[in-house]
K.L.:
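Mind having a look at this structure? Questions to follow.
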Amino acid sequence: VVVNLVRVVGLLSLSSTGNAVLGTNPLEAPVPGHDGQVLDVQEVFPTIQGEGPFAGRPATFIRLAGCHLACVFCDTDFLTKRHGATLQDLTLRALDYHNRLVVLTGGEPMRQNVVPLCEELADHGMTVQIETAGSFWPIGVHDERLGILCSQRHVHIVVSPKTGYVRAPIRAYATAWKYIITLDPVGTDGLPTYGTQAPVRAGQHVARPPKQVKPEDIYLQPCDTGNADLNKVIIERCVALCRQHGYRLSLQQHKLLGLP
Ligand code: SF4
């Protein structure tokens, strides 16, 4: 009951921000047979990467539209400004911002074929970080091409599991695993056991990293509920879990700085 109450309080607070999706979005399937030449995009903007392994680096964010999941704590708008953008448009915009790091995020960026865009950005000397829930990996020729980009460290995959399933290539190539911490239950490993999708089910398994992943490559990120008191409690819990298990604390520095 306490957990559910906290969840409701948190969600009510979040909804006051006006642009959080909070699990109300339609579930959108992967785009079949996508050649990656025109992408469904929400927005492109320069900022400082605020979280995960590239925190602190100036970065250009390309936020792709739509998601196949609907997480109850989702604080992102990936719906309202969606538009088609060509590979050339996106590359030129990234070049205009002069950031060596480009973050492909969403929504779920891997719903679409982002491999041609990654290749184009890499050809121009940029490093690409893909933020994904880990549900999709390209098929056919793009499967191998994305693997090469990851092996050559032109592309870094940061996986943030929201369900019990992460695709095998993503398990193999991910350089960081990121978990959103709320006041919901965690397992003996300190990672969430509570489902992220509405209706939320207690005990729903959230995918774990492979055994060989080092604790310092696992990031715990406090959920931003929009309620300062609740956030403080969640951050303290996150700090305690990091200290107990050796995980890395990931704060959303861009929000502390008032950046997008
Ligand atoms: S996977 Fe990410 S973008 Fe999609 S609903 Fe969940 S938190 Fe939001």
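Counting starts at 1 for both ligands and their atoms, in listed order. All values below were derived from every heavy atom in this structure, side-chain atoms included, with hydrogens, water molecules and symmetry-related copies excluded.
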K.L.:
State plainly whether the residues Glu108 and Lys162 are in salt-bridge range, i.e. N to O under 4.0 Å.
P.N.:
no
K.L.:
Return yes if some donor-acceptor pair links the side-chain N/O of Gln129 with the main-chain N/O of Leu101 below 3.5 Å, else return no.
P.N.:
no
K.L.:
Students often mix this up, so state it plainly: with edges at 30° and 60°, are the rings of His156 and Phe54 parallel, tilted or perpendicular?
P.N.:
perpendicular
K.L.:
Any idea which protein heavy atom is nearest atom 6 (Fe) of ligand 1, and the distance to it?
P.N.:
Cys71 SG, 2.3 Å
K.L.:
So is Leu69 touching ligand 1 or not, going by heavy atoms under 4.0 Å?
P.N.:
yes
K.L.:
With a cut-off of 2.8 Å, does any N, O or S atom of Cys67 fall short of it relative to atom 4 (Fe) of ligand 1?
P.N.:
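Yes, Cys67 qualifies, because one of its backbone or side-chain N, O or S atoms lies under 2.8 Å.
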K.L.:
Is atom 6 (Fe) of ligand 1 under 2.8 Å from any N, O or S atom of Cys74?
P.N.:
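Given the 2.8 Å cut-off, Cys74 does not count as a ligand of atom 6 (Fe) of ligand 1.
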K.L.:
Distance check, rounded to the nearest 0.5 Å: Ile157 atom CD1 versus Cys150 atom SG?
P.N.:
4.0 Å
K.L.:
With heavy atoms of Gly107 as the reference, note each atom of ligand 1 found under 4.0 Å away.
P.N.:
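It comes down to these atoms of ligand 1: 3 (S).
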K.L.:
Considering only protein heavy atoms, which is closest to atom 2 (Fe) of ligand 1, and at what distance to one decimal place?
P.N.:
Lys162 NZ, 4.2 Å
K.L.:
Can you see whether Asn231 engages Asp224 through a side-chain donor-acceptor pair at a distance of less than 3.5 angstrom?
P.N.:
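Side-chain D/A pair, Asn231 to Asp224: present.
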